[in-house]
2 protein chains.
Amino acid sequence: MNRKEKEGEMDIAELLKNKGLKKTNARVKISSILSQSVQPLSEKEIKKKMGNEYDRITFYRTVQVLIKADIIHRIIVDNTQIKYAFTKDDKNELDKTEHIHFYCTQCHKLICLEDVLVQYYELPKGYIQSECAVLIKGICKNCNEKK
Amino acid sequence: MNRKEKEGEMDIAELLKNKGLKKTNARVKISSILSQSVQPLSEKEIKKKMGNEYDRITFYRTVQVLIKADIIHRIIVDNTQIKYAFTKDDKNELDKTEHIHFYCTQCHKLICLEDVLVQYYELPKGYIQSECAVLIKGICKNCNEKK
DNA sequence: TTGAACATGAAACATTGTTTCATTAATATA
DNA sequence: TATATTAATGAAACAATGTTTCATGTTCAA
């Protein structure tokens with residue numbers, strides 16, 4: 001483990017403590033893998049990075065806990081493609097606006113567009129909004145430039 | 001089967017023909033069940049309405065075909081909650097803008113808000129958009145008024 | 001250091017996704 | 001209208017994912 005990775009895990013330890021969660025191996029590992037990844041990752045990709053520390057049931061329960069604590073979030077691309085991403089916490093707690101997600105149908109990568117925030121939708125009278133998820137599919141910058 | 005249902009199935013037959021699809025029992029049944037439902041339905045709910053005409057594998061393949069032909073669409077609420085809805089075709093083919101979906105976390109119903117269209121998002125340079133899915137969660141009008 | 005509270009992993013089962021293949025059904029046209 | 005071609009069906013079988021129960025192991029506060 002290099003210095004950057006070690007620092008990452010120390011930050012995660014503190015984050016867990018702040019959220020009132022016990023520091024366990026699976027929580028630290030999964031969180032730090034996601035916090036160091038540019039793209040959101042699937043269970044399979046996380047599993048690969050965890051090596052033999054991975055257990056399916058523990059993974060299942062760990063992501064439940066981490067999602068509830070808003071340390072990570074789940075992005076559903078498709079009914080069979082589920083990805084996980086570290087929730088960046090550097091934004092103002094007050095205007096905690098969610099960002100949109102972009103899925104490239106060519107390279108199949110999912111990108112958190114942190115700078116593109118979800119817009120406000122005027123709902124019919126009587127509806128109360130609590131969450132909004134936006135997923136845009138298309139061709140990403142990288143694939144587009146390669147052509 | 002009442003008159004309205006029979007009319008529905010006749011329309012579906014024509015729709016399938018227009019799309020170059022064979023008229024089969026499963027396609028007609030599933031399409032007409034969805035076209036007559038106010039809310040999007042889950043596989044289980046569709047199964048219930050189909051009675052003993054239901055077969056899991058046929059369902060799986062039928063929805064694939066119907067989605068591809070844009071006769072129905074799939075809405076993913078959650079990784080374990082998938083719903084299907086009839087695609088209303090009364091909109092102009094040219095500005096085929098998608099509508100948003102609202103999921104009520106209280107009554108767990110999903111609502112196609114046909115009148116609330118997805119907004120245009122300004123993506124970073126180089127990104128090309130083809131589809132956009134918006135799912136808003138909260139409390140629906142009905143549940144809100146009951147309180 | 002130790003006990004209460006919680007997390008883990010094994011087992012077992014449910015649900016959903018998916019392919020292969022022999023059989024059956026739909027439809028165009030002869 | 002009969003039939004040949006083409007496609008859909010349903011059985012079987014398996015993979016992946018979701019989920020609970022329970023005995024055991026771990027964390028952390030006092």
Side-chain angles (χ1 to χ4, degrees), chain A residues 9-10 12-33 40-69 71-84 108 110, chain B residues 9-10 12-33 40-69 71-84 108 110:
Chain A
E9 296 207 353
M10 282 174 69
I12 300 296
E14 203 163 320
L15 184 55
L16 289 170
K17 202 172 185 178
N18 289 344
K19 301 270 187 178
L21 296 176
K22 284 188 181 169
K23 179 194 164 197
T24 72
N25 227 294
R27 289 173 189 175
V28 172
K29 264 282 161 205
I30 292 170
S31 301
S32 73
I33 284 169
L41 302 173
S42 66
E43 174 170 355
K44 210 176 259 175
E45 290 164 328
I46 295 168
K47 175 183 180 174
K48 204 173 161 190
K49 285 182 192 278
M50 288 181 80
N52 45 11
E53 282 184 69
Y54 170 85
D55 173 84
R56 213 171 67 81
I57 297 129
T58 302
F59 179 88
Y60 165 72
R61 280 183 292 214
T62 303
V63 296
Q64 274 189 331
V65 167
L66 296 177
I67 288 169
K68 205 169 180 184
I71 292 171
I72 67 174
H73 58 281
R74 171 188 275 143
I75 306 134
I76 297 166
V77 177
D78 224 53
N79 49 336
T80 54
Q81 263 206 286
I82 295 157
K83 304 250 181 178
Y84 301 91
H108 302 286
L110 182 68
Chain B
E9 297 207 351
M10 279 173 72
I12 301 295
E14 202 163 321
L15 184 54
L16 288 170
K17 201 171 185 180
N18 288 344
K19 301 271 185 178
L21 296 175
K22 283 189 181 168
K23 178 194 164 198
T24 72
N25 228 292
R27 289 174 189 174
V28 173
K29 262 282 161 209
I30 293 170
S31 301
S32 73
I33 284 169
L41 302 174
S42 66
E43 174 172 355
K44 210 175 261 173
E45 290 163 328
I46 295 169
K47 175 184 180 175
K48 204 172 160 192
K49 285 181 191 278
M50 288 181 79
N52 46 12
E53 283 185 69
Y54 170 84
D55 172 85
R56 214 171 66 78
I57 296 130
T58 302
F59 179 88
Y60 165 72
R61 279 183 293 214
T62 303
V63 296
Q64 275 189 331
V65 167
L66 296 178
I67 288 169
K68 205 168 181 184
I71 293 172
I72 67 174
H73 58 281
R74 170 188 274 142
I75 306 135
I76 298 166
V77 177
D78 225 53
N79 50 334
T80 53
Q81 262 205 286
I82 295 157
K83 303 250 181 178
Y84 302 91
H108 303 286
L110 183 68

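Numbers restart at 1 for each chain; the letters A, B, ... are given by sequence-line order, proteins then strands. As a basis for the values below, the full set of heavy atoms in this structure was taken, side chains included, without hydrogen atoms, waters or symmetry mates.
Between A/Arg27 atom CZ and C/dC6 atom P there is a gap of 11 Å when expressed in whole angstrom units. Counting to the nearest Å, the P atom of D/dA29 and the NZ atom of A/Lys23 are 12 Å from each other. Rounded to an integer number of Å, the gap from A/Lys44 NZ to C/dG17 P is 15 Å. In this structure, B/Lys68 atom NZ and D/dA8 atom C1' are separated by 15 Å, rounded to whole Å. Rounded to whole angstrom, the span from the CG atom of B/Leu21 across to the P atom of D/dT6 amounts to 17 Å. Whole-Å rounding puts the B/Lys29 NZ to C/dA25 P distance at 18 Å. Here the P atom of nucleotide D/dT17 and the CD1 atom of A/Ile76 are 13 Å apart, to the nearest Å. As rounded to whole Å, 14 Å separates atom P of D/dT26 from atom CG of A/Asp55.
Ranked by how close their nearest DNA chain C nucleotide is to the 5' end, B/Glu43 and A/Thr24 are led by A/Thr24. Nearest-nucleotide mapping onto DNA chain D: of B/Asn79 and B/Arg56, the residue sitting toward the 5' end is B/Arg56. Residue-to-nucleotide proximity on DNA chain C shows that, of A/Ile57 and B/Gln64, the 5′-proximal contact is made by A/Ile57.
Set against D/dT19, D/dC28, C/dT18, the side chain of B/Thr80 has D/dT19 as its closest nucleotide. When each of D/dA8, D/dT9, D/dG18 is scored by its nearest atom to the side-chain atoms of B/Ala26, the top-ranked nucleotide is D/dT9.
Across all their heavy atoms, B/Leu16 and B/Lys22 have their closest contact at CD1-O, 4.2 Å. The shortest heavy-atom contact between A/Leu41 and A/Lys49 is CD1-CE, 3.9 Å.
If you check every strand for non-hydrogen atoms under 4.0 Å, B/Asn25 touches nothing.
At the phosphate of C/dT18, OP1 or OP2 sits under 4.0 Å from a side-chain N or O atom of B/Tyr60.
Contact of B/Arg61 with C/dG17 (side chain to base): no donor-acceptor pair of N or O atoms is detected under 3.5 Å. Checked by distance alone, B/Lys22 brings a side-chain donor or acceptor within 3.5 Å of a matching partner on the base of D/dT6.
By the 4.5 Å heavy-atom criterion applied to side chains, B/Ile76 and B/Gln81 are not counted as neighbours. You'll find the side chain of A/Ile72 reaches within 4.5 Å of the side chain of A/Tyr84, heavy atoms only.
A donor atom on one side chain and an acceptor atom on the other are found under 3.5 Å apart for A/Tyr54 and A/Glu43.
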